[in-house]
Amino acid sequence: MKNIIRGIWGFFLFVMLTTPLLFYLIKIDFGGWFGGLPGLEKFENLKENQASLLYSEDKVVLGKYFRENRTPVKYDELSEMLINTLLSTEDTRFYNHSGIDLQAIIRVVSNTFILRYSGGGSTVTMQLAENLFETEKENQGSLYKIKFLGRVITKFKEWIIAIRLEKNYTKEEVLTMYFNTLAFGGNAYGIQSAAKTFFNKLPAELNYQESAVLVGLINAPTRYSPVANPERSLVKRNEILYNLYQNEHISLQEYDSLKTLPIELKYRVDNHNEGLATYFRTVVRNYLLSWCAEKGYDLFQDGLKIYTTINSRMQEHAEESVTEHMAMLQKRFINHLQGRKPWINDEGKEIEGFIEEQIKKIESYSLLKQQYGEDSKKMRMHLYKKKRMKVFDWEDKNFEKDTIMSLVDSLIYYKHFLQAGFMAMDPHEGFIKAWVGGINHKYFKFDHVMQGKRQPGSTIKPFVYTAVIDNGYSPCFEVVDAPVTFHMPYQNPSTWTPKNSGTRDNPDGHPSGKKMTLRQAMARSVNSITAFWMKKLTPETVVEYIQRLGVKSPLLPVPSLCLGSGGDVSLYEMVGAYSTYVNLGTWIEPIFITRIEDEHGNVIEEFVPKKVEAISEATAYSMLYMLRGATEEAGGTALGISPELRIQNHIGGKTGTTQNASDGWFIGVTKNVVAGAWVGGDDRSIHFREWTLGQGGKTALPIWNLFMTKIYSDEELGFIKGSFNKPTSEYREWSCPRKVSNDDEFTEEEEEDEIF
C-alpha cells in the first residue's frame with residue numbers, strides 16, 4: 001500500500017513538474033516536434049467562413065452563397081434557453097474558469113484509472129479552439145506519428161489556445177463564436193442556419209426542447225440527427241432536458257412534461273432550387289463571381305451582403321403568374337398533340353433522329369461514352385435501362401413525381417414541356433423588380449430572361465415605328481395596306497414579299513388595299529405596312545434605332561428584321577428597350593444590384609444604372625400612344641388584357657410570334673411598370689402545330705395579365721392606375737380618328753387573336 005501511495009504521489013509530482021515544461025516546449029515548438037500554434041494576429045482577427053446573403057429591396061433574404069451554410073449571430077440574438085441548454089450539457093462551470101476546467105480534468109483522469117467514463121473534460125472554450133483552428137489536423141509535428149502522444153499534444157494545444165481566447169475575448173463573445181462555428185448536419189453551420197434548417201426559427205426563438213435537440217447534435221450530427229435517427233435524437237434530447245433539471249433551469253414537473261413531447265421539425269435544407277427567385281439567384285451568382293475575382297473577395301466565405309432591386313412581393317406574384325398559366329398551357333399543348341411528337345420541321349413533319357441527336361448533348365451521355373465507348377452495347381443498355389427517378393410534374397403539389405424511366409424516356413418526357421421567361425422593372429429607376437427564368441429551377445436550369453435569346457417576332461415592330469415617328473411622321477399618318485416587295489439579287493428567290501397573318505376572311509394573308517393609320521397598323525400588327533416603312537427607311541436605319549433603344553445583341557440589317565427575324569434578343573434587352581418609351585426617351589440600363597457590403601456592413605460598391613438619351617421626349621410620348629393602340633384599336637393584338645386592368649389606366653403593349661409559333665412574346669407598359677413574357681420550347685422545333693394556338697397573345701400575354709392583376713390588387717405594393725407621364729418639352733397629344741367600316745368590324749374572339 002505504501003508503494004502504491006508513493007507511486008501515485010510520484011506520478012502527480014512528475015505531472016506537476018513536467019506540465020509547465022511541456023507547455024513551454026509546445027509553445028515554442030521545440031525541434032519541430034509539436035507543430036506550431038496560431039499567431040497572435042489570428043486571435044485578434046478571428047473569422048469563420050460566412051455565407052454571403054442576397055437581399056431583396058424589402059430586406060427579405062432571397063438566398064445564400066456558401067461553402068458552409070453559416071450566418072453569424074450576435075450574443076443578444078441567442079435565446080436564454082439555448083445558452084442554458086448548452087452550458088448544462090457541455091460546460092456547467094463556464095463562467096467560473098479561464099478556459100480550462102481543472103475540476104473536470106481531475107475527474108476525467110481519476111475515472112480513467114478506475115475505467116469509468118464520466119464525460120469529457122473539454123470546456124466550451126477548448127471546443128471553440130478546436131473548431132477555429134482544427135487542432136487535430138493542422139500544424140502536426142514529428143511526435144504526431146505516435147498516435148497517443150499526438151492526442152496528448154493536441155489537448156495541450158487546446159488548453160493553451162483556450163487560455164488565449166479567454167484572455168482576448170469576453171465570455172459572451174466566446175459563447176457567440178462557439179455557436180457560430182458549430183456544424184449541425186443538414187448543411188447547417190452555425191446556430192442561425194441550424195435553427196432555420198431544423199425548426200424554421202431564429203436562435204432567439206428556440207425553446208428548451210428545440211435547444212436540446214440542437215445541442216444533442218454538437219458532437220455527433222449524424223448519430224443524433226432528428227431526421228436520420230429520430231429515436232436516438234429523442235433519447236438524447238431527453239438526456240439534455242434532464243441536465244437542465246439537474247442544473248435547476250427547469251423544475252421536475254417541467255422536465256416530466258417536456259420529455260413526453262415529440263420532436264416537431266420544420267426541416268428544410270437551404271439550396272439554390274428552392275425559395276424565391278431561384279433563376280435570378282443563379283444569374284446574380286455568376287455576375288458576383290466575376291465581381292469578386294476583380295475585387296479580391298470570396299463570395300462563398302466572406303459574408304458579403306448583396307442588396308438587389310428585386311421586390312419580394314412582386315417576385316412572388318410573378319412566379320405565381322408563370323406557374324398558374326404555364327400549368328394550364330402545358331395541358332393545352334399536350335392535348336393538342338394527341339399523342340404526336342412535338343418536334344417538327346417547317347413542313348410540320350416529325351424530325352427523324354431528333355432524340356438520338358439530343359441525347360448526345362446531356363452530361364450522362366458523355367460520362368457513359370467515356371466509360372463504355374459510343375457504339376458499345378453496354379452504353380445502349382444504360383441509355384435504355386429503366387430505373388426509379390423523380391421527374392418534374394405540373395400535377396403534383398411539389399411539382400415532381402416518382403416514376404420508372406430510362407435516360408432516353410426521361411429526355412423524351414422533358415422535351416414535351418414548354419418553357420417561359422418573365423421580367424418586370426421600374427422604367428424610371430432601371431430597377432428590375434421580378435425575374436422568372438423558367439418553369440422550375442430544379443429540373444430546368446436554363447435562364448430565359450438574360451441567358452436565352454430568341455427571335456422577337458412582332459415585338460420588334462415598335463422599333464421600326466419609332467424610326468418612322470422620329471423622322472417626322474405622326475401616329476395618324478395613313479398608309480395603304482398593299483404588297484411590298486424587296487429585291488435581293490444574291491438570294492434565291494431574289495425577291496421577298498411579306499404576307500399578313502391570315503384571318504377567317506383572308507386565310508392567305510393578302511394585303512387588304514385599305515388605308516390605315518400608323519397606330520392602327522401597329523395595333524393590328526400588319527406586316528405589309530411595317531415592311532413598307534422598312535423599305536422606305538432602310539434596314540440600317542432601323543438597326544441603328546434598335547441599338548439606341550438598348551438592344552445590344554447583334555442584328556442583321558435585312559428586310560425581314562421588320563418582322564422579327566435577323567437576330568436573336570433576350571427578354572432582358574426587350575423589356576429595357578420598351579422602358580425607354582415610359583421614361584420619355586431615356587434608356588436606362590436594367591440593373592439588379594444596388595450595393596454590396598462587407599461582413600461588417602461597410603459599403604464596398606454602389607451601383608448606378610447607365611442612362612442614354614436615346615430619342616426625344618416627343619417621339620417617346622407618341623410611341624406610348626402608338627403602343628396603347630394594341631389595347632384600344634379594333635383588332636388590337638392586346639385586347640385580351642382584362643377589362644378591369646384597362647379601366648382608367650393607360651396600357652400599351654405588343655405581342656410577338658415567330659415563324660411556326662416557336663416563340664410567343666408579350667411586352668406591356670404602364671406608367672410605373674414595364675414587364676415582358678416569353679413562352680416557347682427550349683428547342684425551336686418544339687411548338688404548337690397550329691400557329692393561332694402558339695401566338696404570343698395566347699401564350700405570353702396571359703402571364704403579364706395575371707401579374708399585373710396581382711400587383712394592382714396588392715395594397716402593400718401601392719400601385720395605382722393612371723396615365724403615362726407627360727413630356728416637359730414641347731409635344732402633341734394625339735387622337736387619331738377611328739374609321740370603322742363594315743369590313744373593320746371584329747368579333748370579340750377575332751379581336752383577341754393576334755394579327756401578326
Side-chain angles (χ1 to χ4, degrees), residues 56 58 60 62 274-281 309-333 392 394-395 397 399 417-427 431-442 444 447-450 452 459 571-572 574-575 578 590 592 631 638 640-646 649 651-656 663-670 672-680 694-719 721 752:
S56 67
D58 47 338
V60 173
L62 296 174
E274 296 183 2
L276 279 177
T278 48
Y279 287 92
F280 174 75
R281 281 147 48 188
T309 60
I310 296 293
N311 180 281
S312 67
R313 298 185 69 84
M314 293 179 71
Q315 179 67 30
E316 188 174 351
H317 293 318
E319 292 182 10
E320 289 173 354
S321 300
V322 170
T323 296
E324 289 173 24
H325 175 66
M326 292 305 295
M328 179 196 66
L329 186 67
Q330 186 65 37
K331 284 183 182 179
R332 188 189 305 168
F333 183 59
F392 177 75
W394 278 119
E395 299 296 326
K397 65 178 182 178
F399 303 116
F417 281 94
L418 294 175
Q419 300 295 327
F422 181 84
M423 176 180 140
M425 67 178 284
D426 178 341
F431 293 165
I432 296 173
K433 299 296 185 181
W435 182 306
V436 185
I439 58 174
N440 185 280
H441 188 264
K442 181 177 181 179
F444 306 98
D447 171 66
H448 293 285
V449 172
M450 180 181 281
T459 56
L571 183 61
Y572 168 86
M574 294 297 283
V575 174
Y578 273 62
F592 42 72
T631 66
I641 292 174
S642 301
E644 58 266 27
L645 286 180
R646 288 188 271 161
N649 199 21
I651 295 177
K654 187 71 192 76
T655 52
D663 306 272
W665 295 77
F666 180 73
I667 301 173
V669 299
T670 65
N672 41 28
V673 176
V674 176
W678 168 90
V679 174
Q695 58 189 344
K698 292 182 178 178
T699 61
L701 184 149
I703 297 175
W704 186 94
N705 192 76
L706 282 168
F707 173 74
M708 294 303 296
T709 300
K710 289 175 185 292
I711 68 169
Y712 279 131
S713 300
D714 190 332
E715 295 182 358
E716 289 189 29
L717 288 173
F719 284 111
K721 297 177 180 180
E752 293 182 0

Would you check if [X] and [Y] make a side-chain contact, meaning some heavy-atom pair closer than 4.5 Å?
X	Y	answer
Phe719	Met314	yes
Phe422	Met326	no
Met574	Trp678	no
Ile310	Phe280	yes
Phe392	Ile439	yes
Phe666	Ile641	yes
Lys698	Leu701	no

Restricting to non-hydrogen atoms, name the atom on [X] and the atom on [Y] that form the minimum distance, rounded to 0.1 Å.
X	Y	value
Val679	Ala700	CG2-CA, 4.0 Å
Val575	Gly676	CG2-N, 3.7 Å
Ala638	Thr631	CB-CG2, 3.8 Å
Ser312	Val60	OG-CG2, 3.5 Å
Leu571	Ala677	CD1-N, 3.9 Å
Val673	Ala424	CG1-CB, 4.3 Å

Taking side chain to side chain contact (heavy atoms under 4.5 Å, CB included) as the definition, give me every residue that meets it alongside [X], ordered by chain and number, with sequence neighbours left out.
X	value
Glu395	Lys331, Asp393
Ser321	Ile703, Leu706, Phe707, Lys710
Pro590	Met423, Met425, Ile432, Tyr572, Trp587

Ring pair (Phe, Tyr, Trp, His ring centres under 6.0 Å) partners of [X], counting only residues at least two apart:
X	value
Phe333	His336, Phe688
Phe399	Trp394
His317	none
Tyr712	none

Tell me every residue that passes side-chain hydrogen bond (donor to acceptor under 3.5 Å, both in side chains) with [X], counting only those two or more places apart in sequence or in another chain.
X	answer
Glu319	Gln315
Lys442	Glu400
Asp426	none
Ser56	Asp58

Inset, instruction - Using side-chain hydrogen bond (donor to acceptor under 3.5 Å, both in side chains) as the criterion, point out the one residue from Asp447, Thr309, Thr278 that pairs with Trp435. - result: Asp447
Inset, instruction - Could you give me the CA-CA distance, side-chain angles and deciding distance for Arg332 and Leu329, then say whether side chain to side chain contact (heavy atoms under 4.5 Å, CB included) is met? - result: CA-CA 5 Å; Arg332 188 189 305 168; Leu329 186 67; 3.7 Å; yes
Inset, instruction - Could you walk me through whether Ile651 and Trp704 pass side chain to side chain contact (heavy atoms under 4.5 Å, CB included), step by step? - result: CA-CA 12 Å; Ile651 295 177; Trp704 186 94; 3.6 Å; yes
Inset, instruction - Give, for atom OG1 of Thr670 and atom NZ of Lys721, the distance between the pair rounded to the nearest 0.5 Å. - result: 11.0 Å
Legend entry - Rounded distance (nearest 0.5 Å) linking atom CZ of Arg646 with atom CD of Glu644: 9.5 Å
Inset, instruction - Mark yes or no for whether Arg281, through its side chain, and Leu276, through its backbone, hold a donor-acceptor pair below 3.5 Å. - result: yes
Legend entry - Donor-acceptor pair, side chain of Tyr578 and main chain of Thr459, under 3.5 angstrom: yes
Legend entry - For Asp663, salt bridge (Lys or Arg N to Asp or Glu O under 4.0 Å) partners two or more places apart: Arg454
